Amino acid sequence: MHFLEELEALEVEARKLEAPPAERRTMTRDVGTYADTFISSLSEKKTYSPDTLPALKALDALPFQEGPRDLGSLLNAMDTGINSTGINPASGGHFGYVPGGGIFHAALGDYLAAATNRYAGIFFANPGAVRIENTLIRWMCNMVGYPESALGNLASGGSIANLIAITTAREYHGIKAAEIPNNVIYLTAQVHHCVQKALRIAGMGEAVLRYIPMDGNYRMDTRALQTSVSADRAAGLRPFMVAASAGTTDTGAIDPLDTIADIAQAEGLWYHIDAAYGGFFMLSETLRPKFKGIERSDSIAIDPHKGLFLPYGLGAILVRNLEAQFNAHFYTANYLQDTLNAGAEPSPADLSPELTKHFRGLRMWLPLQLIGLAPFRAAIMEKVLLCRYAYGRLREMGFETGPFPELSIAIFRYLPPGQEDADAFNEQLVRYVQDDGRVFLSSTRIEGSYWIRLAVLSFRSHRQEVDLCLSILENGLRHLLATSALA
Ligand SMILES: *Cc1c(COP(=O)(O)O)cnc(C)c1O
């Protein structure tokens, strides 16, 4: 009977994995209260606090143990260890990199997806979950002007979305390993680095990368593109793909999408557009014309965790030719034979590297339903106007500015009088803003020069937050000019 006794003992312990109803209710309440307080107190919290030591100590003090810990003390440790240091992307004062979102309704979608743990990889396993994901993808396809027959995939972010596109393109063009060094990919120096990274992961690291010159607004020079393609073809190389950007990370520039479409079409290139940052500006009818030609592309990466203000963990790839995407990713195994009966919907597992996946569609579907589309359209246009407003104010304050913001990113720098090193001065100014911490700004280097970036994309950034940022910059400028005058 020893066996049954052991089994019984194991069961007693194993059953602790299921929280009893009363405990579930208190834990849900406590987590809800924590999240609620976190959001309600955001306006009093810093956007950036570089003080990492106490944070890491609070976390290191919690090694895993055989027995349980209580939720309250863990929430406290998370508050100190995670939610009080570094950049706070939930803050409306986040103007660095590409600000994140985090609308609360999406958190509920994640909570429900995890609590019900539906399997969204294969239509057979959960027709509804797959229908929801494909409905979201078709909604985005419709927004960019793709035909009904197009589809794509909900990935973890823009990087994986770009990777799926590049893999699809490689397979569609039937490129064999030995031919890779002969294939040419056209891009600009402003393309997001995840494109080069994806090319390497997709085995195309040895392909020729042709960096096309840009105009004064950091957009691809399409005459130079045409010249390059012709020259490469004449030299016996194989022009394969052009990767354009619809909203670059540095400045929000949109490449001349329609003209690139003409060239891609005439030359038989796979036309990929990275719209990870910029794509959702198409929700605004006013901004939509800026994207003319996007509908003629073969694939588009677009990030709902950027322009749709969702929490991190959701990027999408849209592919015009569903069959090409399927052929590049489909694989099956004997143990999946029950799932093969063709369903009414293509399955995400057949269209991406993932098999078992997070049901990430729910975090997008629920907010769109609960809130409706109008506030998203308003918010995306608001960000553009806020950026234009900041751009004008920065010029009044004496900053040198980059191109007029195409979307919601502006670059600027101060040219101090005299012989001073402008790069060092602006670096100090960024440090001043970061040390203040109420808002967060980041910087970049374009064609050798240091620029400060203002990226407005948090759904919590409104006029008040932009004004705060401008006043901190103004104080920083005054402070630095005073101290450098003394030196
Ligand atoms: C953010 C971004 C990416 C990368 O997407 P992730 O979601 O961070 O993986 C790619 N391209 C552009 C233009 C971006 O802004």
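No experiment lies behind these values; they were computed from the predicted model shown.
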Are any non-hydrogen side-chain atoms of Pro403 and Ile411 less than 4.5 angstrom apart? yes
Is there a side chain to side chain contact (heavy atoms under 4.5 Å, CB included) between Phe281 and Ile254? Walk through the geometry before answering. CA-CA 11 Å; Phe281 288 95; Ile254 303 174; over 6 Å; no
Under 3.5 Å, is there a donor-acceptor pair between the Ser73 and Asp70 side chains? yes
In this structure, CG of Leu151 is separated from SG of Cys141 (nearest 0.5 Å) by 6.0 Å
Only pairs at least two apart or in different chains count here, so list each ring-ring contact (aromatic ring centres under 6.0 Å, His included) that has a residue in residues 159-195. Tyr172-Trp270, His173-Phe240
Candidate pair Lys290 and Glu406, rule salt bridge (Lys or Arg N to Asp or Glu O under 4.0 Å), full reasoning: CA-CA 9 Å; Lys290 289 176 181 283; Glu406 187 78 51; 2.9 Å; yes
Between Ser299 and His272, is a side-chain hydrogen bond (donor to acceptor under 3.5 Å, both in side chains) present by the stated rule, with each step listed? CA-CA 5 Å; Ser299 52; His272 175 64; 2.8 Å; yes
Between Glu345, Glu133, Glu148, which is the residue that forms a salt bridge (Lys or Arg N to Asp or Glu O under 4.0 Å) with Arg138? Glu345
Please determine, by modelled atom types, if His329 and Ser352 share a side-chain donor-acceptor pair under 3.5 angstrom. no
Among pairs that include at least one residue of residues 355-391, which meet ring-ring contact (aromatic ring centres under 6.0 Å, His included), considering only residues two or more places apart or in two chains? Tyr391-Phe404
Hey, could you give me the CG/OG1 distance between Leu407 and Thr251, rounded to the nearest 0.5 Å? 9.0 Å
How many angstroms lie between CE in Met143 and CG in Leu318, if you round to the nearest 0.5 Å? 7.5 Å
Note: Phe459 and Lys383 closest approach over all heavy atoms is O-NZ, 3.8 Å
Checking Tyr277 against Ser408: is there a side-chain donor and acceptor pair closer than 3.5 Å? yes
Just by distance, do the side chain of Arg453 and the backbone of Tyr97 share a donor-acceptor pair under 3.5 Å? yes
Side chains of Asn134 and Pro346 in contact at under 4.5 Å (non-hydrogen atoms): yes
Please report the C-alpha distance between Val31 and Tyr111 in whole Å, then the side-chain angles of each, then the deciding distance to 0.1 Å, and finally whether the side chain to side chain contact (heavy atoms under 4.5 Å, CB included) criterion is met. CA-CA 11 Å; Val31 166; Tyr111 174 81; over 6 Å; no
Within a 6.0 Å radius of atom CZ on Arg24, are there more than 12 heavy atoms belonging to other residues, nucleotides or ligands? yes
Exercise: identify the closest heavy-atom pair between Val242 and Ala264: CG1-CB, 4.1 Å
Heavy atoms of Ile300 and Ala275 approach each other most closely as CG2-CB, 3.9 Å
Pair Ser230, Gln226: side-chain N/O donor-acceptor within cut-off below 3.5 Å: yes
Quiz question: by atom type and distance under 3.5 Å, do the side chains of Asn83 and Tyr34 form a donor-acceptor pair? yes
Side chains of Asn88 and Thr47: any donor to acceptor distance under 3.5 Å? no
Rounded distance [0.5 Å steps], CZ in Arg238 versus CG in Asn183: 5.0 Å
Under 6.0 Å from the CD atom of Gln464, do we count more than 12 heavy atoms belonging to anything else shown? no
From CG (Leu373) to CG (Leu308), nearest 0.5 Å: 9.0 Å
Give the C-alpha distance, both sets of side-chain angles, the deciding distance and a yes or no for side chain to side chain contact (heavy atoms under 4.5 Å, CB included) between Val144 and Met140. CA-CA 6 Å; Val144 300; Met140 290 183 279; 5.8 Å; no
What orientation do Phe326 and Phe330 show, parallel under 30°, tilted 30 to 60°, or perpendicular over 60°? parallel
Closest approach of Leu310 to Arg363 (non-hydrogen atoms, all atoms of both residues): CD2-O, 3.6 Å
If only side-chain N and O atoms count, and only distance matters, is there a donor-acceptor pair under 3.5 Å linking Tyr146 with Ser297? yes
